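As a basis for the values below, the full set of heavy atoms in this structure was taken, side chains included, without hydrogen atoms, waters or symmetry mates. Computed from a prediction, not measured in an experiment: that's the story for all the values here.
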Amino acid sequence: MTQVTFEDILESLDELLEQERIALINGEIDQIGDFLIRKEELVNQLNATDITKPDEMGFLQGKVTRNQVLLDNALEGIRTVARRLSTLRSIRKSLDTYDANGNKKKISASIASSVEKRA
């Protein structure tokens, strides 16, 4: 069994961050959980090496920051869609309008969903 070096772990982390970036750009949000688990494993391996070379890890900081911005934007997009869907659901149930005096009025829309059985 070969010994994994500090440089091997850094290279694996670099590749993982690049894969994560591509997944975020392509909207493959379902993969983010897997990436998180793999990043945690690699960071734990880095911590176990007892080698501290901050100058060699500096390039990863930019990639981590870049991916965080992409993830934040993806989450904001998901929140926007959720708000829009919520608005559309509420429109189905009622309609807000204004009367002749400018007062807000809510008109409830009841959807009659019944099944009639005929012989």
Side-chain angles (χ1 to χ4, degrees):
M1 186 171 175
T2 60
Q3 177 88 14
V4 178
T5 66
F6 180 80
E7 289 76 18
D8 292 337
I9 299 169
L10 283 182
E11 185 178 325
S12 295
L13 190 53
D14 183 39
E15 289 173 12
L16 181 63
L17 289 170
E18 195 58 33
Q19 291 171 5
E20 182 181 52
R21 180 187 74 84
I22 292 168
L24 286 166
I25 289 172
N26 292 331
E28 298 166 351
I29 304 298
D30 56 324
Q31 295 183 17
I32 300 304
D34 293 335
F35 288 129
L36 178 62
I37 292 167
R38 290 170 45 201
K39 282 191 288 188
E40 286 177 358
E41 290 170 356
L42 290 170
V43 168
N44 288 337
Q45 288 177 13
L46 279 176
N47 290 335
T49 62
D50 291 332
I51 299 175
T52 55
K53 297 181 183 178
D55 52 324
E56 291 186 25
M57 295 175 55
F59 74 97
L60 291 177
Q61 181 61 39
K63 290 185 176 194
V64 169
T65 302
R66 174 198 64 201
N67 287 2
Q68 186 61 49
V69 169
L70 290 171
L71 183 58
D72 290 343
N73 290 336
L75 290 174
E76 184 54 37
I78 291 169
R79 287 185 200 106
T80 300
V81 168
R83 284 191 297 269
R84 182 68 179 146
L85 289 174
S86 174
T87 301
L88 290 173
R89 276 193 298 274
S90 69
I91 289 172
R92 284 183 164 177
K93 295 177 183 176
S94 66
L95 174 66
D96 290 338
T97 186
Y98 296 90
D99 63 14
N101 297 325
N103 298 320
K104 193 173 185 177
K105 185 176 179 182
K106 181 174 267 194
I107 301 172
S108 297
S110 59
I111 300 172
S113 60
S114 62
V115 176
E116 183 179 323
K117 185 177 181 182
R118 293 185 179 192

In residues 23-35, what donor-acceptor pairs under 3.5 Å come from side-chain atoms, sequence neighbours left out?
{"from": "N26", "atom 1": "ND2", "to": "I22", "atom 2": "O", "distance (Å)": "3.2"}
{"from": "E28", "atom 1": "OE1", "to": "Q31", "atom 2": "NE2", "distance (Å)": "3.3"}

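S86 is listed as a side-chain neighbour of R89, based on a closest heavy-atom distance under 4.5 Å.
Taking the charged nitrogens against the carboxylate oxygens, E41 and R38 have no contact shorter than 4.0 Å, which rules out a salt bridge.
The CD atom of E11 lies 11.0 Å from the CG atom of L60; values are rounded to the nearest 0.5 Å. Note that CG of D8 and CG of L46 are 11.0 Å apart. Values are rounded to the nearest 0.5 Å. Remark: E40 CD to I37 CD1 distance equals 7.0 Å, nearest 0.5 Å.
Under the rule for a side chain to side chain donor-acceptor pair (under 3.5 Å), the partners of Q61 that lie at least two apart in sequence or sit in another chain are T65.
L17 and L36 sit in two unconnected hydrophobic clusters of ILVMFWY residues. Membership requires side-chain heavy atoms under 4.5 Å apart, directly or through other members. The same ILVMFWY cluster, assembled from side-chain heavy atoms under 4.5 Å apart, contains both V64 and L70.
Under the side chain to side chain contact (heavy atoms under 4.5 Å, CB included) rule, K63 has a single partner from D14, L13, L16, which is D14.
Listed for the D99 side chain is no donor-acceptor partner under 3.5 Å among the backbone atoms of K105.
Counting heavy-atom neighbours within 6.0 Å of R84 CZ, excluding the residue itself, gives a total of 12 or less.
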Q.
What verdict does the salt bridge (charged side-chain N to carboxylate O under 4.0 Å, His left out) test give for E20 and R66, after you've listed the backbone C-alpha separation in whole Å, the side-chain angles of each residue and the deciding distance to 0.1 Å?
A. CA-CA 10 Å; E20 182 181 52; R66 174 198 64 201; over 6 Å; no

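Shown here for I9 and L42, the closest heavy-atom pair between the two residues is CG2-O, 3.5 Å.
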